[in-house]
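Okay, structure first, notes after.
Here, residue 1 is the first one in the sequence, and each next residue gets the next number. All values below come from the heavy atoms of this structure, side chains included, with hydrogens, waters and symmetry mates left out.
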Amino acid sequence: MKKINTLICLAMTSVLMACNSAPKEQTMAEKFAEYNKSKIDLLMGAKPGEFSAKTTDGSIFNSKDYKGKYWVLFVYDRGSIAKSETYDMVAELNKTHQLFGDKIPMVGMANGFSDDEPALKKLFAAAKFGFKQIDNTEGPNKEKPLNDNVFCTPAKILIDPNGKVIYNGCGGKTQTFDYKLDSLIKAGL
């Protein structure tokens with residue numbers, strides 16, 4: 001009888017341990033909190049808050065490193081990385097970085113769908129961006145790291161020393177954006 005009680009206790013203990021180690025299903029509130037944790041608001045006048053993400057060179061970008069400074073975030077679809085017959089986004093953004101990047105830090109973020117990671121890595125390598133890039137693409141086996149509210153790309157976003165979006169322009173050609181950066185530098189930032 002003692003052996004049977006011991007076996008029953010062992011069986012119950014293992015069942016209880018299995019129940020406790022089973023993955024817990026997330027509540028809706030937990031899912032919402034997780035979504036908001038990685039959400040960044042990049043609309044004009046918004047304060048995106050601190051966020052971090054892995055860059056394509058393996059380092060970590062952290063927006064808190066730019067607290068108290070003006071900084072730029074370029075957001076674009078990964079399809080824009082490759083030069084088309086009518087537009088070379090990489091050359092344009094590299095030119096803006098070449099002109100102003102020594103005074104105003106810049107980072108790029110590629111959105112969109114990618115189901116071929118090696119091809120995406122080759123695309124980034126071939127582009128030869130002059131500044132760090134965040135791979136924010138998603139695919140069958142990859143979730144988008146940052147949930148942004150950028151709907152028109154390429155977006156040129158300028159964040160002020162207080163962490164507020166003071167410029168959010170969309171579309172190709174950075175001439176207006178470059179004027180804005182130039183005027184900030186001439187004003188002494």
Side-chain angles (χ1 to χ4, degrees), residues 35-67 69-84 86-101 103-115 117 119-121 123-139 142-181 184:
Y35 173 80
N36 278 333
K37 184 176 152 189
S38 64
K39 185 174 173 148
I40 53 174
D41 187 356
L42 298 169
L43 294 177
M44 185 71 169
K47 285 192 170 187
E50 293 179 359
F51 64 95
S52 61
K54 190 175 183 179
T55 63
T56 57
D57 68 2
S59 64
I60 300 294
F61 166 81
N62 196 326
S63 66
K64 75 178 179 183
D65 295 339
Y66 300 110
K67 194 173 188 171
K69 301 175 185 176
Y70 286 96
W71 63 281
V72 170
L73 177 64
F74 295 115
V75 182
Y76 51 87
D77 186 86
R78 70 145 195 92
S80 301
I81 297 173
K83 180 180 176 180
S84 74
T86 58
Y87 184 54
D88 188 348
M89 182 197 72
V90 174
E92 181 179 74
L93 299 183
N94 276 338
K95 180 70 174 173
T96 296
H97 179 259
Q98 182 183 23
L99 292 171
F100 308 105
K103 300 219 182 338
I104 302 173
M106 300 179 182
V107 65
M109 185 165 72
N111 285 338
F113 182 81
S114 176
D115 60 355
E117 283 302 305
L120 184 62
K121 286 181 182 186
L123 188 62
F124 274 113
K128 297 186 178 148
F129 280 104
F131 49 95
K132 296 209 181 270
Q133 301 295 306
I134 297 169
D135 175 5
N136 199 44
T137 60
E138 57 190 319
K142 177 179 158 187
E143 286 189 38
K144 188 175 180 180
L146 299 169
N147 295 309
D148 59 71
N149 54 353
V150 175
F151 303 103
C152 179
T153 61
K156 296 139 192 93
I157 299 163
L158 178 61
I159 300 173
D160 76 3
N162 297 315
K164 184 178 177 182
V165 176
I166 60 168
Y167 184 96
N168 185 330
C170 177
K173 311 301 178 206
T174 60
Q175 188 174 19
T176 302
F177 187 63
D178 290 352
Y179 287 142
K180 177 75 173 173
L181 298 179
L184 281 173

Using 0.5 Å steps for rounding, measure from the [atom1] atom of [X] to the [atom2] atom of [Y].
X      : Y      : atom1 : atom2 : value
Ile134 : Leu73  : CD1   : CG    : 6.5 Å
Lys156 : Leu158 : NZ    : CG    : 13.0 Å
Glu92  : Lys95  : CD    : NZ    : 11.5 Å
Leu43  : Asp148 : CG    : CG    : 10.0 Å
Gln98  : Met106 : CD    : CE    : 11.0 Å

- Query: Which residues pass the ring-ring contact (aromatic ring centres under 6.0 Å, His included) test with Tyr70, sequence neighbours left out?
  - Reply: none
- Message: Under 3.5 Å, is there a donor on one side chain and an acceptor on the other for Lys142 and Thr137?
- Response: yes
For [X] and [Y], work out which heavy atoms get closest and say how close.
X      : Y      : answer
Gly139 : Phe113 : CA-CE1, 3.6 Å
Ser63  : Gly49  : OG-O, 3.7 Å
Ser52  : Leu146 : O-CD2, 3.8 Å
Ala155 : Val150 : CB-CG1, 3.8 Å
Asp77  : Thr153 : N-OG1, 3.7 Å
Pro145 : Asn136 : CD-OD1, 3.1 Å

- Is a donor on one side and an acceptor on the other found under 3.5 Å between the side chain of Asn94 and the backbone of Gly130? yes
- Backbone N/O of Phe131 and side chain of Gln133: donor-acceptor pair under 3.5 Å: yes
- Message: Please determine whether side chain to side chain contact (heavy atoms under 4.5 Å, CB included) holds for the pair Lys121 and Asp135, giving the CA-CA distance in whole Å, both sets of side-chain angles, and the decisive distance to 0.1 Å.
- Response: CA-CA 9 Å; Lys121 286 181 182 186; Asp135 175 5; over 6 Å; no
- side chain to side chain contact (heavy atoms under 4.5 Å, CB included) evaluation trace for Leu99 with Leu181: CA-CA 9 Å; Leu99 292 171; Leu181 298 179; over 6 Å; no
- Message: Just checking Phe129 against Tyr76, ring centres under 6.0 Å apart?
- Response: yes
- Does some side-chain heavy atom of Val72 sit less than 4.5 Å from a side-chain heavy atom of Phe177? yes
- Message: Quick one, Pro154 and Leu93 - any side-chain contact, counting heavy atoms below 4.5 Å?
- Response: no
- Message: Once salt bridge (Lys or Arg N to Asp or Glu O under 4.0 Å) is applied, what residue pairs with a partner in residues 51-60 remain, sequence neighbours excluded?
- Response: Asp57-Lys132
- What pairs meet the side-chain hydrogen bond (donor to acceptor under 3.5 Å, both in side chains) rule with one or both residues in residues 157-177, with sequence neighbours excluded? Thr96-Thr174, Thr174-Asp178, Gln175-Tyr179
- Message: Please verify the inter-ring angle class for Trp71 with Phe61; under 30° counts as parallel, over 60° as perpendicular, anything in between as tilted.
- Response: tilted
- Under the side chain to side chain contact (heavy atoms under 4.5 Å, CB included) criterion, do Tyr66 and Ile159 qualify, and how do the steps go? CA-CA 9 Å; Tyr66 300 110; Ile159 300 173; over 6 Å; no
